[in-house]
Amino acid sequence: MDRYRVTSPTSSTIWSIQYLRAIAAIGVVVFHTLTETGHDFEFGATGVDLFFGISGFLMYYVTQGKSIGPLDFLWRRFLRIAPLYWFATLLTVGATFIRPGFFWQASRDVSRVVLSLLFVPQNGIDGGIYPVLYQGWTLQYEAFFYLLFALSLLVPGIWRLIAMTAVIGALTVWGRIAPESHNPVFLTYTDQIALEFVAGAWVGWACARRWPGGLGWRCVYLAALIGGWSLLWAAWWYEDAWDDLSFVATVTAISLILAGSVMLERHHWMPRLRWLRTLGEASYAIYLFQDFGFVGVAGWDAGHPIAVRLVLFSVASLAVGLLAYWGLERPFDRLVRKRSSSAVRSASLKVAVTAP
């Protein structure tokens, strides 16, 4: 049983996860690029489902076996998610003075802006449940999941996952059996999509154990990866016909994709593509700032084939996202790490000086 023992997770070395983040971000960008053109790429929207699975995976994978309290965890996630989202949200509000009507769901209403910054679900001005920066709807789920995961840190070992699964599962059932509601908070927190986080966390638990890496097993991991992508496509293609089974298939597909990718990397069957890893690291900024790329090239594609729009909008959004990553996100993360390291060194020095 030694070959199945727990490994030491280090998120910085999981190239495959960065690849998947890049693919998810590009899929969403292409989906938004082609929306309402008659050439929609709705499969790209499944990038959000993949993001949710990745989030659940990382939350468990990088915290298992470590001593971290709920408040410490929440503070780290706050620093990782909130500042860049707040900047993008406020920039969107400011941009409405220059390009009114371009940014979907954007509003200068103070109460809406405040609720958006606090990750509180609200009804969008153009329908649906959307904050001022419409992409932020996914962060409302992320923030909710972070809170539940932080509370689960009070529970030891495997019971952490069991407790979290029970809570989110119960909320999902409640959403199904409760009388019809139009409350955006209730609809968000009881949405079955939160189960994608749970699935990712269980994959993280499984991948945190050492699995065999012989040729036969590597072929199994490769089959899981290929099968996962195939199933994800089928779940999207047959969504209407499959009904609820489509969501089950999506969750299963994401689990297979995550597990197959990570295990192939662990056993050296994953290439090192630095450009794709960079896009993965910048995926959060790309996701948040994509509209600023769109507004920069809007109209340039007029009268040209749809392929021109695809290239213009996609390249522009990726470029703006990379600039935001290099100019905002990465410097801020470095500052946070520097301050954290300084605080740890100061605490260690204090202990050393006061020790008997």
Side-chain angles (χ1 to χ4, degrees), residues 6 8-12 14 17 21 48-49 51-86 89 114-121 131 136-175 184-208 251 254-255 258 284 287-288 329 332-333 336-337 339-341 343-344 347:
V6 175
S8 298
T10 53
S11 60
S12 61
I14 311 178
I17 291 297
R21 291 180 66 196
V48 170
D49 302 290
F51 272 134
F52 285 173
I54 290 171
S55 182
F57 173 90
L58 289 176
M59 290 309 96
Y60 184 85
Y61 194 80
V62 303
T63 58
Q64 70 89 26
K66 297 182 180 179
S67 178
I68 178 173
L71 293 180
D72 187 20
F73 171 82
L74 286 175
W75 178 241
R76 293 183 187 184
R77 298 316 301 165
F78 171 81
L79 292 176
R80 175 68 183 86
I81 298 297
L84 196 65
Y85 171 62
W86 287 356
T89 296
V114 171
L115 288 177
S116 297
L117 297 178
L118 295 177
F119 304 100
V120 177
W137 72 268
T138 61
L139 298 183
Q140 295 170 166
Y141 289 96
E142 291 274 1
F144 177 57
F145 176 70
Y146 292 156
L147 178 60
L148 291 181
F149 190 86
L151 294 174
S152 77
L153 292 172
L154 298 172
V155 182
I158 190 65
W159 291 104
R160 178 189 310 172
L161 280 180
I162 294 174
M164 191 167 57
T165 303
V167 171
I168 293 181
L171 287 172
T172 301
V173 172
W174 184 20
V185 175
F186 175 82
L187 292 175
T188 297
Y189 296 163
T190 59
D191 194 319
Q192 65 182 6
I193 201 171
L195 292 171
E196 294 174 350
F197 291 105
V198 176
W202 278 105
V203 174
W205 172 83
C207 289
V251 173
I254 290 171
S255 301
L258 285 171
Y284 182 50
Y287 180 76
L288 290 180
E329 183 179 4
F332 181 78
D333 286 346
V336 170
R337 287 197 297 269
R339 288 182 176 274
S340 298
S341 298
V344 171

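The figures that follow rest on heavy atoms only: side chains count, while hydrogens, waters and symmetry mates do not.
- For residues 146-163, the set of pairs meeting the side-chain hydrogen bond (donor to acceptor under 3.5 Å, both in side chains) definition, not counting sequence neighbours, comprises Arg77-Tyr146, Glu142-Tyr146.
- One finds the CZ atom of Phe144 at 6.5 Å from the OH atom of Tyr189 (value rounded to the nearest 0.5 Å).
- Every side-chain contact (heavy atoms from CB on, under 4.5 Å) that Val203 has, sequence neighbours left out, goes to Phe57, Cys207, Ser255, Leu258, Ala259.
- Closest approach of Phe332 to Leu79, counting heavy atoms only: CE2-O, 3.4 Å.
- Contacts classified as side-chain hydrogen bond (donor to acceptor under 3.5 Å, both in side chains) and involving residues 195-206 (residues at least two apart or in different chains) are given here: Thr165-Trp202.
- Residues Ser116 and Tyr85 have side chains that never bring a donor and an acceptor to within less than 3.5 angstrom of each other.
- When side chains are defined from C-beta on, Thr63 counts as touching Phe149, because their heavy atoms get closer than 4.5 Å.
- Judged as a side chain to side chain donor-acceptor pair (under 3.5 Å), and not counting sequence neighbours, the contacts of Asp191 are Tyr141.
- One finds the CZ atom of Phe145 at 14.0 Å from the CG atom of Leu139 (value rounded to the nearest 0.5 Å).
- Not a single side-chain contact (heavy atoms from CB on, under 4.5 Å) links Ala206 to another residue, sequence neighbours left out.
- Rounded to the nearest 0.5 Å, atoms CD1 (Ile193) and CZ (Phe52) are 4.5 Å apart.
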Just distance, no hydrogens or angles: give the donor-acceptor pairs under 3.5 Å from side chains in residues 167-174, sequence neighbours left out.
| unit_1 | atom_1 | unit_2 | atom_2 | d |
| --- | --- | --- | --- | --- |
| Thr172 | OG1 | Ile168 | O | 2.9 |

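- By the side-chain contact (heavy atoms from CB on, under 4.5 Å) test, Leu117 pairs with Trp86, Thr89, Leu90, Val113, sequence neighbours left out.
- Between Val185 and Pro121, the shortest heavy-atom distance links the atoms CG2-O, 4.0 Å.
- Residues passing the salt bridge (Lys or Arg N to Asp or Glu O under 4.0 Å) test with Asp72, sequence neighbours excluded: Arg76.
- Interatomic distance, Leu195 CG to Ile254 CD1, rounded to the nearest 0.5 Å: 11.0 Å.
- Judged as a ring-ring contact (aromatic ring centres under 6.0 Å, His included), and not counting sequence neighbours, Tyr284 has no contacts.
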What's the verdict on side-chain contact (heavy atoms from CB on, under 4.5 Å) for Ile54 and Arg21, showing C-alpha distance, side-chain angles and the deciding distance?
CA-CA 8 Å; Ile54 290 171; Arg21 291 180 66 196; 3.8 Å; yes
Check the pair Trp137, Thr188 against side-chain contact (heavy atoms from CB on, under 4.5 Å), reporting the backbone distance first and the verdict last.
CA-CA 9 Å; Trp137 72 268; Thr188 297; over 6 Å; no
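- Leu153 contributes atom CG, which lies 11.0 Å from atom CG of Leu148 (distance to the nearest 0.5 angstrom).
- One distance of note links CZ of Phe73 with CE of Met59; it measures 5.0 Å at 0.5 Å rounding.
- A search for side-chain contact (heavy atoms from CB on, under 4.5 Å) contacts involving Leu151 returns nothing, not counting sequence neighbours.
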